[in-house]
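One structure is given here, and the rest of the page talks about it.
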Amino acid sequence: MFRCSAGCCEDTQASMQQVHQCIERCHAPLAQAQALVTSELEKFQDRLARCTMHCNDKAKDLMDAGSKEQQVKRQLESCVTKCVDDHMHLIPTMTKKMKDSLASIAK
């Protein structure tokens with residue numbers, strides 16, 4: 001990207017607008033890659049957050065039903081741990097998907 005941008009600046013025949021457009025074209029793949037990674041990570045975080053919110057809701061329901069605090073804490077911890085474990089297994093697939101998408105951008 002930087003070499004490409006430098007090449008744009010070396011064109012002495014280009015107008016300022018042409019140089020700017022050239023630099024924008026050079027930066028486009030990086031911006032696309034950043035957006036892709038950000039989007040995938042946001043989706044992952046959202047899924048994990050939804051899972052932990054479900055655990056919190058279950059814990060609140062148990063407390064409202066009169067369960068003992070220690071029992072609710074144990075169940076909440078177990079539920080959240082399961083969320084994390086389940087989502088850890090998604091990381092290799094998410095990583096592969098991002099690598100494949102990034103490779104297609106680079107071409």
Side-chain angles (χ1 to χ4, degrees):
M1 175 198 70
F2 294 115
R3 284 189 182 129
C4 176
S5 296
C8 296
C9 296
E10 290 172 357
D11 184 354
T12 57
Q13 302 300 311
S15 69
M16 190 64 118
Q17 183 178 0
Q18 289 170 321
V19 170
H20 180 70
Q21 289 172 343
C22 179
I23 291 171
E24 287 293 319
R25 281 192 303 275
C26 293
H27 286 247
L30 176 62
Q32 210 176 348
Q34 285 176 325
L36 180 125
V37 171
T38 298
S39 173
E40 284 299 318
L41 292 176
E42 283 175 354
K43 287 183 214 171
F44 181 81
Q45 281 184 303
D46 288 346
R47 288 180 69 171
L48 183 57
R50 282 195 310 273
C51 187
T52 57
M53 286 300 294
H54 174 71
C55 294
N56 287 331
D57 290 344
K58 283 172 44 176
K60 186 181 179 317
D61 292 344
L62 288 171
M63 287 298 285
D64 291 347
S67 295
K68 293 184 178 159
E69 187 176 339
Q70 278 306 114
Q71 179 187 2
V72 172
K73 281 184 178 180
R74 279 193 304 273
Q75 287 182 329
L76 176 61
E77 187 176 307
S78 174
C79 183
V80 170
T81 299
K82 184 175 179 348
C83 286
V84 171
D85 290 343
D86 289 348
H87 285 76
M88 290 286 290
H89 296 297
L90 297 174
I91 292 174
T93 304
M94 179 182 66
T95 302
K96 183 184 180 326
K97 181 179 176 184
M98 283 193 287
K99 282 182 179 180
D100 291 347
S101 296
L102 291 171
S104 72
I105 290 172
K107 292 179 181 176

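- Side-chain atoms of S101 come within 3.5 Å of backbone atoms of K97 as a donor-acceptor pair (strictly under, hydrogens ignored).
- Checked against salt bridge (charged side-chain N to carboxylate O under 4.0 Å, His left out), E42 has no partners two or more places apart in sequence or in another chain.
- Every residue meeting the side chain to side chain contact (heavy atoms under 4.5 Å, CB included) condition with R50, not counting sequence neighbours, appears here in chain and number order: D46, R47.
- Listed by chain and number, the residues in a salt bridge (charged side-chain N to carboxylate O under 4.0 Å, His left out) with E77 amount to none (sequence neighbours excluded).
- When hydrophobic clusters are built by joining Ile, Leu, Val, Met, Phe, Trp and Tyr residues whose side-chain heavy atoms come closer than 4.5 Å, directly or via intermediates, L41 is grouped together with L36.
- Here the CE atom belonging to M98 is positioned 11.5 Å from the CD1 atom belonging to I105, to the nearest 0.5 angstrom.
- With sequence neighbours excluded, the residues forming a salt bridge (charged side-chain N to carboxylate O under 4.0 Å, His left out) with D64 are K60, listed by chain and number.
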Quiz: residues 7-14 side-chain donor-acceptor pairs under 3.5 angstrom, not counting sequence neighbours:
from	atom 1	to	atom 2	distance (Å)
D11	OD1	Q13	N	3.0
D11	OD1	A14	N	3.4

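- Partners of K96 according to the salt bridge (charged side-chain N to carboxylate O under 4.0 Å, His left out) rule, which considers only residues two or more places apart in sequence or in another chain, are D100.
- In this structure, the separation between SG on C79 and NZ on K82 is 8.5 Å, given to the nearest 0.5 Å.
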Would you be so kind as to tabulate the donor-acceptor pairs closer than 3.5 Å made by side chains of residues 20-28, with sequence neighbours excluded?
from	atom 1	to	atom 2	distance (Å)
H27	NE2	S5	OG	3.3

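- Contacts of H87 classified as ring pair (Phe, Tyr, Trp, His ring centres under 6.0 Å), with partners at least two apart in sequence or in another chain: F44.
- A 6.0 Å sphere centred on CE of M53 holds no more than 12 heavy atoms belonging to other residues, nucleotides or ligands.
- Not a single side chain to side chain contact (heavy atoms under 4.5 Å, CB included) links D61 to another residue, sequence neighbours left out.
- For C51, the disulfide bond (SG atoms under 2.5 Å apart) test picks out C83, with sequence neighbours left out.
- Annotation: side chain to side chain contact (heavy atoms under 4.5 Å, CB included) contacts of M88 (sequence neighbours excluded): V84, I91.
- Among residues two or more places apart in sequence or in another chain, the side chain to side chain contact (heavy atoms under 4.5 Å, CB included) test is passed with S67 by L62, Q71, V72.
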